[in-house]
> 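My questions all concern the structure below.
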Amino acid sequence: MSIENSFPKRYEPAEVEKKWQKVWYESGLYRFDEKSSKPTYSIDTPPPTVSGRLHIGHVFSYTHTEIISRYKRMQGFNVYYPFGYDDNGLPTELLTEKEHGIRSHQVDRKKFRELCLETGKKYSVLFSDLWKRLGFSCDFESAYSTISPSSQKISQWSFVDLHKKGFLERRKEPALWCTKCATSFAQAEIEDVNKAGMYVHIPFTVDGLAPLVVATTRPELLSACVSVFVHPDDDRFKSYIGKKAKVPFYEHLVPVIADDKAQIDKGTGVVMCCTFGDSTDILWWRKYQLPLREAISKFGKMTDITGPLKDLKIEDARKKMIELLKEKNLVLKTIDIPAETRVVNTHERCGTPVEFLVQPQWFIKVCENKEKLIEVGRKIKWNPDFMRHRFENWVENLSWDWAISRQRSFGVPIPAWYSEDGKHIHVASADELPLDPTETKPKVKCPSGEWIADNDVLDTWATSSVTPLINARFTLPNERKNFLPMSMRPQAHDIIRTWAFYSIVKSFYHFKNIPWNDIVISGHVKKPGAQVQGSQMAGQDFAKKTKISKSKDGDTFAPEKIMERHSSDAIRLWSAGASLGIDVMFDENGMAEAEKFLNKLWNASRFALMQFEGFEPKVKTPIVNSEDLWIRARLKQVISHYQTSFNAYEIHLAKVELDKFFWMNFCDNYIEFVKCRFQTGSDAEKKSAYQTIYDVLFSLLKLYAPYAPHITEEIYQLYFAQFEKSESLHLIEQPKTSDLTKEEEKALIDTEFLIAAISGVRIGKSKNQIGFKVPAEELIIGSSEEGIKSLNLFKPVLQNFSSATLLVIGNISSLKDGWETSREDVKVFLKINPEHLKKRDPA
RNA sequence: GGGCGCUUAGCUCAGCUGGUAGAGCGCAUCCCUUACACGGAUGAUGUCGUAGGUUCGAUCCCUACAGCGCCCACCA
């Protein structure tokens, strides 16, 4: 069957994409080959958190990795491109609570865990379906789940090992607490939110002196007040230092202490210290050995010591307290603080303001190793490099050790037990894992009473930070030896302080090594017009966000919806157009442009292949025309740039180079140049063109394959597959480049003259406002001596292009009239028969 | 307040190791040329944020400043 018949006139992405996805996934094309002799390139794919549906931002950043994986595979690597689901821990619990309209602590723990598992399964299918619809080349069949027994085993091993090495300890101290989620959490999970507040000025009486006026935004904590602070240099209050102040309403006495941390010019210059209103309170509490007065419970209700506020929620308690104080004339003044100038730390998962509760928690010590961690970070190649600063900045500013216990239900259990008096701790040994301490008893007898199981679970990140170990199947029977460090970690920049940081911490503590050689950071997709929205929110509580969030933006950026409007290849090409690590604006226009490209590639391929007559690709054909040598030489140059860019993970630069070559060199020039040869060329010339088209087009397919796997596979299968034997384009190695031959170098120079002359002809036709096929009587080209020699090589092309009856190539100085071209040493004059010129209004 | 990034054509952005600027969209004029009108040709539009410095020469290097964005700290 001829190409004309077998190659459809129009490209139908919807059908074609579905067709190849089916073939790829059914044949296991992208399955990881455990026994391959090729060098391994391993990717530490982010297992998406099961916390809701994925949005276009996920598609964007995951696509970058997917493109890199295909490139590496076609560069001859045995690519390990796994897939996983982070389906344990708080995010999945919150999703489950939302889906079922329940709260975890109100439901049977076992039952709740089952619901979470179900939720995880449901979303895993949604996730993998989406990635398959985008043609991702992950090994979906061996996808891991972070709640699976083997992941739990590895996660618990990590716990046990860190404990053994002394990096992990259980401490009873103030920890970041979320009263809504009823759990502690880590510094990395704090998110700043602008929130309006109010200073309340309250007088504390001091014997023999005027009352001390405290300014506070948290009057509901008055009962938890343990001291009052002033600045040592503040002359107004020097006489108060060392005296006792009486807390209004509750009437207990607290010391007045001088400390540099109290700011003279803030509020009234007098600040109360409560246990705990903020992190400074903790600092003072420790420094001055102050007593502990707890006013807030685990669930955010006021405690007994708050008297009339008991059982109220924090915000309600605040209002009530102000009322009570006002009744007693104890509010001297209130000052509103607008949201723009006040920032409150919240729990990023739910937006609840941070509280501090004293509970026994497990901490991984990170603060004492800041310098070493920064050093380890520098051994990793950061792409782009400036993202390393964000990591270092975070480590430098760490002020809390990593709290990893969560007072929740669904997660990896903490493999530890405590004696009834709390004096003894028993941590499981590595060979017993995985285990749930609530179901298993230690073999060792408890020195005092019975062992009590740790009822908490591990922070989600405590498990996801060992994905390199999960990928290496560490400690499992089928362990992948020599798998660490992995080749590359891809991720977005928002989780540098969590996922990247924690993974580096763990790898360093366990093995004194880096988790991966390279880290590749991608940006976010921002919603258009987000800045405007931000400023319009002035005066209200707001989180300054241009990032697309699934909770706030709903379906607008749902990938499924976008895929109804654009093909997968187009979405991929659009994603590939962004600079490494840079945020981009969501842009459907860009996807439409990508669709134009697909159309162009289709038509160019179809047309070029249709010309083949009596051509046998595998028979070596001599290349005889300069244009052919030229396009081949250009291709070599492009491949070289392409590879340099790709190896630096600059996938968009590789694409820009490729696009330029395809549109400007191949379509606009080369194909146009050879058209005439198809009709009037000699046999050898035709074959030279066929061979060149075959080679260049095939190379183009291979080079575009990582970006647009569907259309390139389709074109490959329609024609090239019959000669190339490979079952898929995606298993073929990418074209290699080599130094230019002497002939190719000469062809580059010669063809530049042709291009200049052709542009002259185009200018001529355009200025005369005539169609391309309107014949010229004469085409006169003036050029330099060198140019004349070069141009003489292309007479048939020039003649065909201008449809000129007479072609003259001569010395440039003899050509008076004519059009300047792209170069000074080529000038073109086109003589058109007046009959062909359009009758235009002379005005 | 600390750190990082950005500031280039009306819009979105590209410009690797310094030599008087590019793409796409948009705009104007033309062309349905036997691959593609989801196309092609031609063209207009930029003192490359501001001010200094290094240099024979800077959009690209250095310094300062400004605006914008992000990360972090600030939370009485």
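Throughout, protein chains are lettered first and strands after them, A, B, ... in sequence-line order, and every chain is numbered starting at 1.
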> Considering only side-chain heavy atoms of A/Phe772, which listed nucleotide, B/C4, B/U33, B/C70, is closest?
B/U33

> Can you check the distance between B/A35 and B/U50, where both ends of the measurement are the P atom (answer in whole Å)?
49 Å

> Going by number, which of residues 213-234 of chain A have a non-hydrogen atom under 4.0 Å from RNA chain B?
A/Ala215, A/Thr216, A/Thr217

> Quick one: sort the A/Tyr704 and A/Phe662 rings into parallel, tilted or perpendicular, breaks at 30° and 60°.
perpendicular

> Heavy atoms under 4.0 Å, any strand shown: does A/Trp574 hit a base, just sugar-phosphate, or nothing?
nothing

> Tell me the interatomic distance from A/Phe607, atom CZ, to B/U33, atom C1', rounded to whole angstroms.
11 Å

> Is there a donor and acceptor pair closer than 3.5 Å between the side chain of A/Glu672 and the base of B/A35?
yes

> How are the rings of A/His64 and A/Phe60 set to each other: parallel, tilted or perpendicular (split at 30° and 60°)?
perpendicular

> Indicate the ring-plane relationship of A/Phe612 and A/Tyr719, choosing parallel, tilted or perpendicular according to the 30° and 60° boundaries.
perpendicular

> For atom C1', what is the distance between B/G39 and B/C48, given to the nearest Å?
32 Å

> Separation of A/Met198 atom CE from B/A76 atom P, in whole Å?
12 Å

> Out of B/C70, B/G40, B/C74, which has the shortest distance to the side chain of A/Asp668?
B/G40

> Polar pairs (N or O, both sides) under 3.5 Å between protein and nucleotides 6-15 of chain B?
| residue | atom | partner | partner atom | Å |
| --- | --- | --- | --- | --- |
| B/A14 | OP1 | A/Ser579 | OG | 2.8 |

> How many whole angstroms separate atom CH2 of A/Trp382 from atom C1' of B/G5?
16 Å

> Heavy-atom count around A/Glu315 CD within 6.0 Å, excluding the residue itself: above 12?
no

> Which of these nucleotides, B/C74, B/C70, B/G5, is closest to any side-chain atom of A/Lys266?
B/C74

> Taking the side chain of A/Lys675 as its heavy atoms from C-beta onward, which of B/A35, B/C25, B/C71 lies nearest to it?
B/A35

> If you count the non-hydrogen atoms of other residues, nucleotides and ligands that lie under 6.0 Å from NZ in A/Lys370, is the total more than 12?
yes

> Counting heavy atoms from C-beta on, name the nucleotide in B/G3, B/A35, B/A73 closest to the side chain of A/Gln187.
B/A73

> Which one, B/C30, B/G24, B/C74, comes nearest to the side chain of A/Gln769?
B/C30

> Closest approach to the side chain of A/Tyr199, judged atom by atom: which nucleotide of B/A76, B/A35, B/C4 is it?
B/A76

> Go through the steps for A/Arg318 and A/Met198 under the test side chain to side chain contact (heavy atoms under 4.5 Å, CB included), then give the verdict.
CA-CA 10 Å; A/Arg318 187 172 307 147; A/Met198 183 168 72; over 6 Å; no

> Check the side chains of A/Glu17 and A/Ser568 for a donor-acceptor pair under 3.5 angstrom, ignoring hydrogens and angles.
yes

> A/Lys765 has an atom NZ; how far is it from atom P of B/C32, in whole Å?
12 Å

> Taking atom P in both B/G2 and B/A64, what distance in whole Å separates the two?
12 Å

> Under 4.0 Å, heavy atoms only, any strand: does A/Gly771 hit a base, just the sugar-phosphate, or nothing?
sugar-phosphate

> Rounding to the closest angstrom, what is the interatomic distance between B/A76 and B/C4 at atom P?
29 Å

> Just call it for A/Thr280: base, sugar-phosphate, or nothing, with non-hydrogen atoms closer than 4.0 Å on any strand.
sugar-phosphate

> How would you label the contact of A/Gln263 with the nucleic acid (heavy atoms, under 4.0 Å): base, sugar-phosphate, or nothing?
base

> How long is the straight-line distance from CD of A/Glu714 back to NE2 of A/His710, given to the nearest 0.5 Å?
11.0 Å

> In whole angstroms, how far is the P atom of B/G5 from the CD1 atom of A/Ile496?
13 Å

> With sequence neighbours left out, write down each residue that passes side-chain hydrogen bond (donor to acceptor under 3.5 Å, both in side chains) with A/Asp385, or none if nothing qualifies.
A/Arg388

> CZ of A/Phe666 versus C1' of B/A35: gap in Å, rounded?
11 Å

> Is there a donor in the side chain of A/His652 and an acceptor in the side chain of A/Ser579, or the other way round, less than 3.5 Å apart?
yes

> Does A/Asn589 get its side chain close enough to the base of B/G24, under 3.5 Å, for a donor-acceptor pair?
no

> Can you name the atoms? Protein N/O to nucleotides 42-44 of chain B N/O, anything below 3.5 Å, with the distance.
| residue | atom | partner | partner atom | Å |
| --- | --- | --- | --- | --- |
| B/U42 | O4' | A/Ser766 | OG | 3.2 |

> Write out the stems for RNA chain B, ordered by first number and formatted as range with range, counting runs of at least 3 consecutive Watson-Crick or G-U wobble pairs under 3.5 Å.
B:1-7 with B:66-72, B:10-13 with B:22-25, B:27-31 with B:39-43, B:49-53 with B:61-65

> Can you pull out the residues from residues 596-606 of chain A that lie within a 4.0 Å heavy-atom distance of RNA chain B?
A/Lys596, A/Asn599, A/Lys600, A/Asn603, A/Ala604

